[in-house]
4 protein chains.
Amino acid sequence: MTVASIASATLTPRERHARPSTRKKLDRLLMKAAALIADKGFAAMTMRDLGAALDMSLAGLYHYFANKEDLLFQLQYRTFSALLGQQETIAAQPGTPEEQLGRLLTGHLQFFARHTHELKACTFELESLGGAHYRVIEEIRRRYYRMLTSVITQVIRGPTGAARATRQDRHATLFVFGMLNWIFMWYDRTRHGPVEQIGVEMCDLILHGLEHRRRHAGGREAHPRLDDAYQRR
Amino acid sequence: MTVASIASATLTPRERHARPSTRKKLDRLLMKAAALIADKGFAAMTMRDLGAALDMSLAGLYHYFANKEDLLFQLQYRTFSALLGQQETIAAQPGTPEEQLGRLLTGHLQFFARHTHELKACTFELESLGGAHYRVIEEIRRRYYRMLTSVITQVIRGPTGAARATRQDRHATLFVFGMLNWIFMWYDRTRHGPVEQIGVEMCDLILHGLEHRRRHAGGREAHPRLDDAYQRR
Amino acid sequence: MTVASIASATLTPRERHARPSTRKKLDRLLMKAAALIADKGFAAMTMRDLGAALDMSLAGLYHYFANKEDLLFQLQYRTFSALLGQQETIAAQPGTPEEQLGRLLTGHLQFFARHTHELKACTFELESLGGAHYRVIEEIRRRYYRMLTSVITQVIRGPTGAARATRQDRHATLFVFGMLNWIFMWYDRTRHGPVEQIGVEMCDLILHGLEHRRRHAGGREAHPRLDDAYQRR
Amino acid sequence: MTVASIASATLTPRERHARPSTRKKLDRLLMKAAALIADKGFAAMTMRDLGAALDMSLAGLYHYFANKEDLLFQLQYRTFSALLGQQETIAAQPGTPEEQLGRLLTGHLQFFARHTHELKACTFELESLGGAHYRVIEEIRRRYYRMLTSVITQVIRGPTGAARATRQDRHATLFVFGMLNWIFMWYDRTRHGPVEQIGVEMCDLILHGLEHRRRHAGGREAHPRLDDAYQRR
DNA sequence: GATGAATGAGATTTCATTCAT
DNA sequence: CATGAATGAAATCTCATTCAT
């Protein structure tokens, strides 16, 4: 899934009638904006920054966005829609709950790897949206949350288990989201390896916990690496 | 541990010579600042906001902080120092690695519960510091990270296990930090119950995984709650 | 030479690409700024003052100047370049060293009369520029200084005299600059007469000294004036 | 004449009753203030700068000065009074007008050499005083100006010459003040030699002009110096 | 005398946004 | 579509000055 495909995943009403050439340009704008927001935060990014980064006049930007917040909204709307769409497709495929969980984790992490900036802007800047915009995006997030909760509940109670998630199931889901979303704070491909491997490890922890790992320790990491995590920036 | 105790936990050089009355006032300022930063983000909090919230003149604030960033630095320095101090004390107590992990998780969550605003400002605004300030704070964070890594490694490899953490041990630690830090995004005492209970559940997941829970499901939650998570703000 | 001609004498890189209409406006801004700086000094002139004097918003000024110092730099750069250009043209004309000195003094004083504010801001605010800006302007000043030194050396040693100025020649040049630059502190056309007359007197003093005047005194000022010097502001 | 002697030269009413210890301290304050003003200008010097330079609290300064302008006034009043006093003493001594002029020039330059900062603050910051303060200082300056005018007139018209200075005599005086005051902009003892030598050269120029020097050139500077003027800062 | 704390006024600069062209 | 010019509002920070202690 390319960035362009995020762009066209779901369209905001305003742009549904835009011509393809306009859409192309809009994609470029949003991608650059995502990079800036991911880097410095939405409040700290200025429209001037964006104009300069795009080699474009300040006034020109306002042909594409009603205002700064609208820019963030469009970015989040597209990105979250694309992520949700992808994950719903994955969840629709057959398999045990454990398999589904694994596929979802990997899918999320792959999306993260491909759209780091965009997803970061979505994950950490929801609060920068106000009122109506906020609610639209939150609804998408909630759908995603409910989907994952459902899978986790099935892992615990079996595929035919009680449909209703318990309080603890929900907490567990929130723990999982924490693991997934915190990755922005530390992941570096050259240091931590491909996201698929991270996904496997995360799934392992979630399903079996550390104890399981202990029982299998020793043979686990035949060639202990000397690299280091969470260091040297 | 009260906020005042955070304040005096460790002192910045500048304030080591300040008189107690000055320190009291400084505590008040930092506490209010933490609340505002936690609410809207550091970039979006203005010195005016802070002055108004404290019923104090703008110029007056600059008696306590060299500039806005210095304010954030002082806040992070104190809070992280206090957290680290507390956790190192806890880690020094005897017990199995599993017990230690449990106590550390609970300790962290209790600190969070008591100093929500301060800790949030620390957790999400590290990047708002530049250069020298950044490095000072990062070093504290790193010490905390290493401490938790060590405990987790012992859980996996046993108390006498290899001192050297593997790459996967470090990833696991980062997953755990994700769970802990993401809590700012959802926790609400009236909805999710006391943090001690959250700590138990988190520890359970980390040690045994979901499968374990499945084996014990059924009796677990005799009275399924009707409340809902991640909703209604 | 009009103010507009100062403006276009030499262009700062930034503005070389500006359109004529922009340049016109910039001229107006700099002229007004020069008046304010001449009146109260650079440090005491505020951007607000300037905006008000131009009936223009504060923010609007920042379209033309990166910051307050840049404003001063542009002003000095243009003015000094124009003065130097004019004087180099004069110096290139044939004549005895004495004639050249006289023409240069008159040229300088005429420039002063036509661009009093601008030249004052240049003469007394060099130290208000920092680092790189300072050096650029100082180089222009130095060229002017060297030119005048050369002429004065020729007056003393003859047109074919030693090319190398002695220490005393250089001191004499500095004395001459003192006479020229101090004029800002006292000259008032209605009280002291046209600058051309001042130029003649100054040249006379420099070439022949007071003694010469003594020898010719008596007939000199047939109708002693009753006006007053250095008074009533 | 030491700085302390400037201080006690003439007293402002306010301080006439101060005790000696207070006066000592006041001297120190004014001396430091003069240095700062000479360096950055009066408007750019802040009371904080001064407090820091003196290792003294901001509020403490206000025991010695009613306000910032009063500080400048006191400084100018003392310095100018001391200079005027010294020069009047010199002028009272017998000798030809030419001798008197020479002694006055040398006296002025020596005062400059001993009290560079103080005199600079007086010479270039008169306009920073307002209303009443301005007039008091200006009166002192005027007395100095009249004294020098009188001597110069006598040089031209002889000791018994018309008491009334002509317009040109006054202009010549202003030229001389220009030479004297501009010295702040370039003089550096290590580069230009002692002020007494500068005084001789200046007097020579004023009395005889460059032509005279030409007639005597060649033998003048037996060992042409290689140093350079107005360069390399 | 001396000082820490405090402040009103104001300085420079930035920002999102608009509009005529 | 695109841009240069412009601006109101506001942000950070500074400054001279005061006052209780």
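All of these numbers come straight from a predicted model, not from anything done at the bench. Letters A, B, ... mirror the listed sequences (proteins, then strands); counts begin at 1.
Among E/dG1, F/dT3, E/dT3, the nucleotide with an atom closest to any side-chain atom of A/Ala59 is F/dT3. Residue B/Tyr62 places its side chain closer to F/dC13 than to any other of E/dC19, F/dC13, E/dG1. Among the nucleotides E/dA2, E/dA6, F/dA2, the one closest to any side-chain atom of A/His63 is F/dA2. Taking only side-chain atoms of C/Leu58, from C-beta outward, the nucleotide of F/dT3, E/dT12, F/dA6 with the closest atom is E/dT12.
Here F/dT17 presents its P atom at 10 Å from CG of D/Leu71, a figure rounded to the nearest Å. Rounded to a whole Å, the CZ atom of C/Arg23 is 12 Å from the P atom of F/dA5. Taking atom CG of B/Leu26 as the reference point, atom C1' of E/dG4 lies 14 Å away to the nearest angstrom. Counting to the nearest Å, the P atom of F/dT14 and the NZ atom of D/Lys68 are 15 Å from each other. Per the geometry, CG belonging to C/Leu61 stands 13 Å off C1' belonging to E/dA11, to the nearest Å. Going from atom CG of B/Leu29 over to atom P of E/dA5 covers 11 Å, rounded to whole Å. Atom CG in B/Asn67 sits about 17 Å away from atom P in E/dT13, given to the nearest Å. The CG-C1' distance, from B/Asp70 to F/dC13, rounds to 13 Å in whole Å.
Taking 4.5 Å as the limit, some side-chain heavy atom of D/Glu69 sits within range of a side-chain heavy atom of D/Leu129. The side-chain heavy atoms of D/Asp70 and D/Tyr64, taken from C-beta on, include no pair separated by under 4.5 Å. Within the 4.5 Å cutoff, no side-chain heavy atoms of A/Leu75 are placed close to those of A/Glu125. The closest side-chain heavy-atom distance from C/His133 to C/Gln76 is not below 4.5 Å. A heavy-atom distance below 4.5 Å is not found between the side chains of C/Met31 and C/His117. In this structure, A/Phe42 and A/Leu36 have side chains that are not in contact, with every pair of non-hydrogen atoms separated by 4.5 Å or more. Within the 4.5 Å cutoff, side-chain heavy atoms of A/Leu30 are placed close to those of A/Phe65.
By the 4.0 Å N-to-carboxylate-O rule, D/Arg78 lies close enough to D/Asp27 to be salt-bridged with it.
Considering only side-chain N and O atoms, C/Tyr64 lies nowhere under 4.0 angstrom from the phosphate OP1 or OP2 of F/dA5. Listed pair D/Lys25 / E/dG1 fails the phosphate criterion, with no side-chain N or O lying under 4.0 Å from OP1 or OP2.
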Checklist entry - salt bridge (Lys or Arg N to Asp or Glu O under 4.0 Å) between C/Lys120 and C/Asp39: does it pass, once the steps are laid out? => result CA-CA 9 Å; C/Lys120 184 171 185 187; C/Asp39 187 36; over 6 Å; no
Item to check | Secondary structure string for DNA chain F (Watson-Crick or G-U under 3.5 angstrom, | for other-strand pairs) | outcome: .||||||||||||||||||||
Using distance only, find each side-chain donor-acceptor pair of residues 47-61 of chain A under 3.5 Å and give its atom names and separation, not counting sequence neighbours.
from, atom 1, to, atom 2, distance (Å)
A/Asp49, OD1, A/Thr46, OG1, 3.4
A/Asp49, OD2, A/Lys40, NZ, 3.0
A/Asp49, OD2, A/Thr46, N, 3.1
A/Asp49, OD2, A/Thr46, OG1, 3.4
A/Ser57, OG, A/Gly60, N, 3.0

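Less than 4.0 Å separates DNA chain E from at least one heavy atom of each of the following residues of residues 37-56 of chain C: C/Met45, C/Thr46, C/Met47, C/Arg48.
Each of C/Ser57 and B/Glu69 was assigned the nucleotide of DNA chain F with the nearest heavy atom; the assignment lying further toward the 5' end belongs to C/Ser57.
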